Each structure stands twice: as C-alpha cells, then as structure tokens.
S.K.: 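Mind looking over this structure? Questions follow.
Only this structure's heavy atoms are used, side chains among them; waters, hydrogens and symmetry mates stay out. All values derive from a computational prediction rather than experimental measurement.
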Amino acid sequence: MQLGLIGLGKMGGNMRERIRRAGHTVIGYDRNTEVSDVKSLEELVEKLEAPRTVWVMVPAGTATQGVIDELKDLLSEGDTVVDGGNSRWTDDEKHAAELGVKGIGFVDAGVSGGVWGLQNGYALMVGGDKEHVDRLRPIFDALKPEGPYGYVHAGRVGAGHFSKMVHNGIEYAMMQAYAEGWELLEKVKSVDNVREVFRSWQEGTVIRSWLLDLTVNALDEDEHLDKLRGYAEDSGEGRWTVEAAIDNAVPLPAITASLFARFASRQDDSPQMKMIAALRNQFGGHAVEKKG
C-alpha cells in the first residue's frame with residue numbers, strides 16, 4: 001500500500017520506518033529537509049496514486065488545522081486523511097466535516113508507543129467510518145505490535161482520540177502512584193536500596209508493568225534522580241480527560257489528582273515530579289529539566 005506521511009519527528013519518523021519494513025511505500029514530508037522525502041505538500045500529493053491516503057503526525061491545534069486546510073485544497077474525492085497526532089476529539093468532528101464537503105474521508109488514530117514504537121509496535125485506537133478504516137487496515141497491521149492485540153476500531157469519528165485521551169489520563173494516575181511510592185521509600189531511613197525494591201517488583205507482583213520497567217531504567221541511569229528538577233509538563237490530554245469527566249458527571253479522583261500534582265510541580269522542586277519527568281523521558285523522549 002502507498003501512504004503519504006506528514007510530520008517526521010520522534011514518532012512520525014519511526015512510524016515511516018516501521019511501515020516501510022512491512023513492505024509498504026511511504027512518502028514522507030517534514031519541514032526539516034534533512035529527513036523529508038519531498039519538498040512540499042504539493043509534491044507529496046502529486047507522487048501519490050489515487051485514491052490517496054495521507055497520515056498527519058504534527059502537533060495538535062493550529063499546526064494540525066493548517067495541514068488539514070492545505071490538504072482540503074490538494075486532495076480529491078475518494079482520498080482519505082488520517083490524523084494520528086494528539087488532537088482533541090472535538091477537532092476530529094470539525095475536520096471530518098470540512099473534508100467531507102469535498103468527498104474526502106477522515107480517520108482519527110490515537111497512537112501510543114512513544115520512542116519505543118519502532119521496536120515494539122504502536123497501540124492504535126481508531127475512529128471513523130468503517131469503509132475508510134477498513135481500507136487502512138494494511139497500514140494499521142504494519143504499525144501495531146505482533147499478536148492479536150494493539151488495534152481497535154473504537155467507533156465513529158473522534159472515538160480514537162477520545163480513547164487515547166482516556167488512556168493518557170490513566171497513564172497520569174499510574175505514574176503518579178509509582179512516584180508517590182518512590183518518594184515515600186526514599187524518605188524513610190529503614191529502606192536503603194530503593195532502586196532494588198522497585199526492581200524486585202518486576203516479577204510476581206500485581207503492580208508489574210512496562211511503566212515499572214521504565215521506572216527501573218530511570219533509576220539505573222540516576223539512582224536517586226539527583227540530576228533532575230522536580231518539574232513535569234502535561235500534554236493537554238490530562239486536562240481534556242478531566243474536562244470530559246466533568247461534562248459527563250463521571251468521578252475521576254485519581255486522574256484529577258495526578259493532573260493537579262503536575263501543576264504543583266511548577267511551584268516547588270517536587271521529588272515525585274522527578275520520577276514523573278524521568279518516566280516521560282523514558283517512554284516518550286520528552287524533555288527533562290536538569291538541575292543547575
């Protein structure tokens with residue numbers, strides 16, 4: 001299958017490589033000419049055979065809207081656009097309507113896998129009409145992990161990004177729990193090998209997970225996280241999750257508390273946020289703030 005891919009950053013570049021390894025043709029465009037296969041969106045569209053499929057992997061909001069606006073004028077009836085970034089689900093509905101006027105299909109794909117996706121595969125949560133989603137299955141199969149799991153057609157347009165948003169909200173709460181436990185263990189005098197306590201949990205315990213494995217990786221690199229400042233950003237999806245909970249009268253005390261803990265990190269050098277920052281760097285390559 002042939003695919004145009006816009007945005008070749010940490011995620012997009014690795015996704016291009018994984019899709020190519022599966023035998024598909026990917027033509028990538030990025031403003032960074034060193035990684036781009038073509039010089040413009042116009043050239044990318046010209047090189048694709050109809051019906052075209054273009055996957056967008058750029059930051060949510062203004063950047064995504066700008067690309068959608070350009071593609072609306074470049075693509076034709078029967079083509080399909082996939083938004084694989086972290087867009088808000090309400091934007092998906094808007095983009096589907098804008099493209100639909102010209103007969104262009106739209107699919108939203110929540111993508112999880114971070115910097116490890118090339119090696120391990122990406123979990124995909126997809127929203128859109130069945131006819132558009134089914135046509136893209138070869139690409140989804142190339143991206144997903146081996147085995148029966150890691151892909152779901154979650155529902156209509158917006159369902160993919162809504163599911164990914166909830167996934168990220170859960171991620172916030174899980175990281176916060178590991179961070180709180182780590183700070184408490186570091187605080188008491190009786191425990192003098194906190195890193196190995198975390199390592200011991202990797203087998204046989206009910207709290208073992210990939211995030212726990214990444215916690216151990218972070219502690220192997222900096223045993224007491226002395227090199228990090230206790231500051232952690234939020235991607236925006238945690239906020240959207242809490243807003244959606246309010247709109248639907250669903251109590252989310254753990255996720256909400258984890259979001260507010262990140263806000264607190266911007267006031268003090270929080271020990272817990274050192275671990276949150278370290279974990280975000282481990283799974284997503286997100287920047288950390290070093291001391292000094």
S.K.: Can you name the nearest heavy-atom pair linking Ile276 to Ala232, along with the distance?
M.R.: CG2-CB, 3.8 Å
S.K.: I'd like to know if Phe198 and Leu228 are part of one continuous hydrophobic network [Ile/Leu/Val/Met/Phe/Trp/Tyr, side-chain heavy atoms within less than 4.5 Å].
M.R.: yes
S.K.: Any chance you could measure Ile68, atom CD1, to His95, atom NE2, to the nearest 0.5 Å?
M.R.: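 If I round to the nearest 0.5 Å, the distance is 5.5 Å.
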S.K.: Which distance, rounded to the nearest 0.5 Å, do you find between the CG of Leu5 and the OG1 of Thr53?
M.R.: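 Answer rounded to 0.5 Å: 12.0 Å.
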S.K.: By the definition side-chain contact (heavy atoms from CB on, under 4.5 Å), identify the one residue from Asp92, Val82, Thr80 that meets it with Phe106.
M.R.: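 Running side-chain contact (heavy atoms from CB on, under 4.5 Å) over Asp92, Val82, Thr80 with Phe106 returns exactly one hit, Asp92.
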S.K.: Quick one: do Arg21 and Glu17 make a salt bridge, cutoff under 4.0 Å?
M.R.: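 Salt bridge present between Arg21 and Glu17.
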S.K.: Any idea how Trp210 and Phe283 line up, ring-wise: parallel (<30°), tilted (30 to 60°), or perpendicular (>60°)?
M.R.: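 Rings of Trp210 and Phe283: tilted, as their planes differ by 30° to 60°.
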S.K.: Among pairs that include at least one residue of residues 153-179, which meet salt bridge (charged side-chain N to carboxylate O under 4.0 Å, His left out), considering only residues two or more places apart or in two chains?
M.R.: Lys164-Glu237
S.K.: Over all heavy atoms of both residues, which pair between Arg16 and Gly28 is shortest? Give the atoms and the distance, please.
M.R.: NH1-CA, 4.4 Å
S.K.: For Lys47, I'd like to know if atom NZ has over 12 heavy atoms of other residues, nucleotides or ligands within 6.0 Å.
M.R.: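 It does not: Lys47 NZ has 12 such atoms or fewer within range.
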S.K.: Any side-chain heavy-atom pair from Met1 and Leu136 closer than 4.5 angstrom?
M.R.: yes
S.K.: To the closest 0.5 Å, what do you measure between CG (Leu48) and CG (Leu44)?
M.R.: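 Answer for the CG-CG pair, Leu48 versus Leu44, is 5.0 Å.
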S.K.: Count the heavy atoms belonging to other residues, nucleotides or ligands that lie under 6.0 Å from CZ of Phe263, then report whether that count exceeds 12.
M.R.: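 Buried by this count: over 12 neighbours within 6.0 Å.
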S.K.: Could you check whether any side-chain N or O of Asp37 sits under 3.5 Å from a backbone N or O of Ile27, counting only pairs where one atom can act as donor and the other as acceptor?
M.R.: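 Flag not set: sc Asp37 to bb Ile27 has no pair under 3.5 Å.
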S.K.: Without swapping roles, check the side chain of His161 against the backbone of Gly85 for a donor-acceptor pair under 3.5 Å.
M.R.: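 Side chain of His161 to backbone of Gly85, a donor-acceptor pair under 3.5 Å: yes, one is there.
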S.K.: Once rounded to the nearest 0.5 Å, what's the spacing between atom CZ of Arg199 and atom CG of Asp213?
M.R.: 10.5 Å
S.K.: At their closest point, which heavy atom of Pro251 faces which heavy atom of Pro253, and how far apart are they?
M.R.: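 Nearest heavy atoms, Pro251 then Pro253: C-CD, 3.4 Å.
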S.K.: Determine whether Leu143 and Tyr149 fall in the same hydrophobic cluster, where Ile, Leu, Val, Met, Phe, Trp and Tyr are linked whenever their side-chain heavy atoms lie under 4.5 Å apart.
M.R.: no
S.K.: Are Glu98 and Lys94 close enough for a salt bridge, meaning some N to O gap below 4.0 Å?
M.R.: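 Judged by the 4.0 Å cut-off on N to carboxylate O distance, Glu98 and Lys94 do form a salt bridge.
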S.K.: Tell me if a side-chain donor or acceptor on Thr241 pairs with a main-chain N or O of Met165 at a distance below 3.5 Å.
M.R.: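 Flag set: sc Thr241 to bb Met165 pair under 3.5 Å.
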S.K.: Under 3.5 Å, is there a donor on one side chain and an acceptor on the other for Asp69 and Gln65?
M.R.: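 Asp69 vs Gln65: donor-acceptor pair found between side chains.
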S.K.: Strictly distance-based, threshold 3.5 Å: is any side-chain N or O of Ser258 a donor or acceptor partner for the main-chain N or O of Ile255?
M.R.: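 Confirmed, Ser258 side chain pairs with Ile255 backbone.
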S.K.: Does Lys102 have more than 12 heavy atoms from other residues, nucleotides or ligands lying within 6.0 Å of its NZ?
M.R.: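 Counting other residues, nucleotides and ligands, NZ of Lys102 exceeds 12 neighbours.
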S.K.: Evaluate Leu8 against Asn32 for side chain to side chain contact (heavy atoms under 4.5 Å, CB included), listing each step before the verdict.
M.R.: CA-CA 8 Å; Leu8 303 172; Asn32 179 358; over 6 Å; no
S.K.: Report yes or no: do Glu180 and Tyr178 form a side-chain donor-acceptor pair below 3.5 Å?
M.R.: no
S.K.: Does Arg195 reach the side chain of His224, with side-chain heavy atoms less than 4.5 Å apart?
M.R.: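 With C-beta onward as the side chain, the pair stays apart.
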S.K.: Shared ILVMFWY cluster between Val58 and Met11, side chains joined below 4.5 angstrom?
M.R.: no
S.K.: Using only atom types and a distance under 3.5 Å, with no angle test, would you say the side chain of Arg18 pairs donor to acceptor with the backbone of Ala142?
M.R.: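 Judged by distance alone, yes, a pair lies under 3.5 Å.
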S.K.: Would you say Trp182 and Gln272 make side-chain contact, with heavy atoms under 4.5 Å?
M.R.: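 Not in contact.
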S.K.: For a 4.5 angstrom cut-off between non-hydrogen side-chain atoms, does Pro271 reach Glu186?
M.R.: no
S.K.: Could you go through Trp89 and Asp108, starting from their C-alpha distance and side-chain angles, then the distance that decides it, and tell me whether this counts as side chain to side chain contact (heavy atoms under 4.5 Å, CB included)?
M.R.: CA-CA 8 Å; Trp89 79 96; Asp108 60 288; over 6 Å; no
S.K.: Between Lys39 and Glu42 (side chain of the first, backbone of the second, donor and acceptor by atom type, cut-off under 3.5 Å), is there such a pair?
M.R.: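 A pair under 3.5 Å: no.
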S.K.: Determine whether a donor-acceptor pair (N or O, by modelled atom type, separation under 3.5 Å) exists between the side chain of Ser200 and the backbone of Val197.
M.R.: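 Such a contact is found between Ser200 side chain and Val197 backbone.
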S.K.: Give a yes or no on whether a salt bridge exists between Arg88 and Glu243, defined as a side-chain N under 4.0 angstrom from a carboxylate O.
M.R.: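 Looking at Arg88 and Glu243, the cut-off is met.
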S.K.: Which is it for Met175 and Arg280 under the side chain to side chain contact (heavy atoms under 4.5 Å, CB included) test, yes or no, and what are the steps along the way?
M.R.: CA-CA 9 Å; Met175 288 196 291; Arg280 293 181 81 241; 4.1 Å; yes
S.K.: Do the side-chain N and O atoms of Asp83 and Ser87 include a donor-acceptor pair separated by under 3.5 angstrom?
M.R.: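 Yes, side-chain donor-acceptor contact under 3.5 Å.
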S.K.: Can Arg262 be said to sit on top of Tyr172's aromatic six-ring, NZ or CZ under 6.0 Å from centre and within 45° of the ring axis?
M.R.: yes
S.K.: Apply the test side chain to side chain contact (heavy atoms under 4.5 Å, CB included) to residues Tyr151 and Arg137: give CA-CA distance (whole Å), side-chain angles for both, the deciding distance (0.1 Å), then the verdict.
M.R.: CA-CA 10 Å; Tyr151 164 83; Arg137 266 314 289 266; 3.3 Å; yes
S.K.: Over all heavy atoms of both residues, which pair between Tyr29 and Val38 is shortest? Give the atoms and the distance, please.
M.R.: CD1-O, 3.6 Å
S.K.: Measure the spacing between CG of Leu214 and CG of Asp220 and express it to the nearest 0.5 Å.
M.R.: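 The CG atom of Leu214 sits 11.5 Å away from the CG atom of Asp220.
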S.K.: Under 3.5 Å, side chain of Asp129 to main-chain N/O of Glu131, donor-acceptor pair present?
M.R.: no
S.K.: When rounded to the nearest 0.5 angstrom, what distance separates CE in Met15 from CE in Met57?
M.R.: 4.5 Å
S.K.: Considering non-hydrogen atoms only, spot the tightest contact between Pro145 and Tyr122 and give its length.
M.R.: CD-O, 3.2 Å
S.K.: In a check of side-chain contact (heavy atoms from CB on, under 4.5 Å) between Leu71 and each of Ile6, Ile104, Asp79, which one passes?
M.R.: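 Exactly one candidate clears the test, Ile6.
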S.K.: Spell out, yes or no, whether Val166 and Leu124 are grouped together once hydrophobic residues are joined by side-chain heavy atoms under 4.5 Å, including indirect joins.
M.R.: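 No.
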S.K.: Under 4.5 Å between side-chain heavy atoms, counting indirect links through other Ile/Leu/Val/Met/Phe/Trp/Tyr residues: same cluster for Val152 and Val126 or not?
M.R.: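 No: no chain of side-chain contacts under 4.5 Å links Val152 to Val126.
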S.K.: Is a donor on one side and an acceptor on the other found under 3.5 Å between the side chain of Asn281 and the backbone of Ala287?
M.R.: no
S.K.: Could you report the tightest heavy-atom contact between Asp30 and Ser36, atom names first, then the distance?
M.R.: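 Smallest heavy-atom distance, with atoms named: N-OG, 3.1 Å.
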S.K.: Look at the side chain of Thr64 and the backbone N and O of Pro59, then say whether any donor-acceptor pair between them is shorter than 3.5 Å.
M.R.: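 Yes: the side chain of Thr64 pairs with the backbone of Pro59.
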